[in-house]
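Here the structure is a predicted model, which is why all the values come from computation and not from measurement.
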Amino acid sequence: MANFHFNDCDINNINAVLFDKDGIFLDDNIYWGKLAECRIYKIIEYFNLDKNLFEELCFTIGYNPKTEKLIKNGAIGVLSRNEVIDFMVNELVKYSVSADFETVSDLFNIVHSEFLNNMDKYIRFIPYSENFIRNLKNMSLKLAVVTSDTHKHTEETLKILGIDDCFDCIVGKDDCKKDKKSGEPAIIALDKIKANKNETLVIGDALMDYFMAENAGLRHIIVSTGQTDKEDLIKYTKYVVNNLSEVFV
């Protein structure tokens with residue numbers, strides 16, 4: 001059992017922790033930023049768009065190629081893959097492109113397959129996250145990753161980061177019928193690691209993680225190292241920290 005203390009708040013008697021991936025221990029600016037660029041290049045190529053639209057289209061889906069940063073509350077890294085595809089389809093109408101979900105999804109799949117060959121170049125830890133995870137593992141807590149990314153891709157990411165041995169299970173979007181906000185992915189994780197929900201903590205960086213915890217009946221800590229501003233997060237919960245260094249276990 002572990003007790004978590006932060007911002008004059010205490011969350012006690014925790015035996016299991018469900019981690020989000022992007023924005024919690026994976027630096028999504030580097031990873032998702034590069035993937036966003038690759039997706040836009042593919043979109044421009046396939047639909048024969050003006051190459052000068054590259055920067056504009058990157059901004060549209062939530063990435064600033066000049067600063068190499070994800071835009072706060074942008075589509076990439078916040079919305080699910082299917083939501084990003086729907087968003088892209090709707091945005092392309094502005095450029096007189098009639099695209100459908102299946103076509104854009106296929107293009108994303110091609111980019112993803114190509115990206116996997118070089119993804120190790122863009123996988124970086126968010127500060128404080130590696131030590132935090134390893135400390136919890138050394139305390140014999142049950143740890144799981146619950147993410148909107150695919151199971152296989154998450155597995156590869158953990159291997160590249162060298163923390164695949166820290167987690168007892170992965171629950172990706174392809175392991176569930178419903179999205180994170182429903183709470184179902186968390187329930188699936190609890191079943192896999194044989195954890196009691198009264199002794200389980202969710203650590204995420206976005207409102208979908210907060211809603212997942214609420215709908216699954218779990219306690220939570222939301223860390224503002226992702227794309228959602230702290231000011232937006234604290235409108236929903238007081239259990240918000242700037243980074244994991246503020247959480248004492």
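Side-chain contact between T200 and I14 is absent, with no heavy atoms from C-beta onward closer than 4.5 Å. Side-chain contact between E55 and I40 is absent, with no heavy-atom pair separated by less than 4.5 Å. For the pair V223/I24, a side-chain contact is recorded, criterion being any heavy-atom separation below 4.5 Å from C-beta on. Contact check for D27 versus I30: side-chain heavy atoms found under the 4.5 Å cut-off. Here the side chains of N15 and K142 are in contact, with some heavy-atom distance below 4.5 Å. You'll find the side chain of H220 reaches within 4.5 Å of the side chain of E214, heavy atoms only. Within the 4.5 Å cutoff, the side chain of F4 has no heavy atoms near those of the F248 side chain.
Hydrophobic cluster membership of I234, counting Ile, Leu, Val, Met, Phe, Trp and Tyr whose side-chain heavy atoms lie under 4.5 Å apart directly or via other members: L207, Y210, F211, I222, L233, Y236, V240. Through direct or relayed side-chain contacts under 4.5 Å between Ile, Leu, Val, Met, Phe, Trp and Tyr, I110 connects to no other residue. With side-chain heavy atoms closer than 4.5 Å counting as contact, directly or through intermediates, M1 stands alone and belongs to no larger hydrophobic cluster. Think of L218 as one node in a network of Ile, Leu, Val, Met, Phe, Trp and Tyr side chains linked at under 4.5 Å; its network also takes in L18, V146, V171, I187, I188, L190, I193, V202, M212.
Every side-chain contact (heavy atoms from CB on, under 4.5 Å) that R134 has, sequence neighbours left out, goes to E130, I163, D165, C166. With sequence neighbours excluded, no residue forms a side chain to side chain donor-acceptor pair (under 3.5 Å) with D86. Legend: residues meeting ring pair (Phe, Tyr, Trp, His ring centres under 6.0 Å) with Y122, ordered by chain and number and at least two apart, are F115. Shown here are the side chain to side chain donor-acceptor pair (under 3.5 Å) partners of S245, two or more places apart in sequence or in another chain: N243. Y63 is linked by a ring pair (Phe, Tyr, Trp, His ring centres under 6.0 Å) to nothing, counting only residues two or more places apart in sequence or in another chain. Under the ring pair (Phe, Tyr, Trp, His ring centres under 6.0 Å) criterion, Y41 pairs with F54, sequence neighbours left out. With sequence neighbours left out, the side-chain contact (heavy atoms from CB on, under 4.5 Å) criterion links D149 to K21, W32, T147, H153, T154. Take H151 and apply the ring pair (Phe, Tyr, Trp, His ring centres under 6.0 Å) test, not counting sequence neighbours, and it matches no residue.
Salt bridge K192/D168: absent, no basic N to carboxylate O contact under 4.0 Å. Look at E91 and K94 and you find a salt bridge, because one of the NZ, NE, NH1 or NH2 atoms lies within 4.0 Å of a carboxylate O, short of that distance.
Few gaps surround CD on E246; more than 12 heavy atoms of other groups in view lie less than 6.0 Å from it. Within a 6.0 Å radius of OH in Y46, other residues, nucleotides and ligands contribute 12 heavy atoms or fewer.
The side-chain tip of R124 does not point at the ring of Y31 from less than 6.0 angstrom away and within 45° of straight on.
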Can D106 and F101 be said to form a side chain to side chain contact (heavy atoms under 4.5 Å, CB included), step by step? CA-CA 9 Å; D106 287 343; F101 181 93; over 6 Å; no

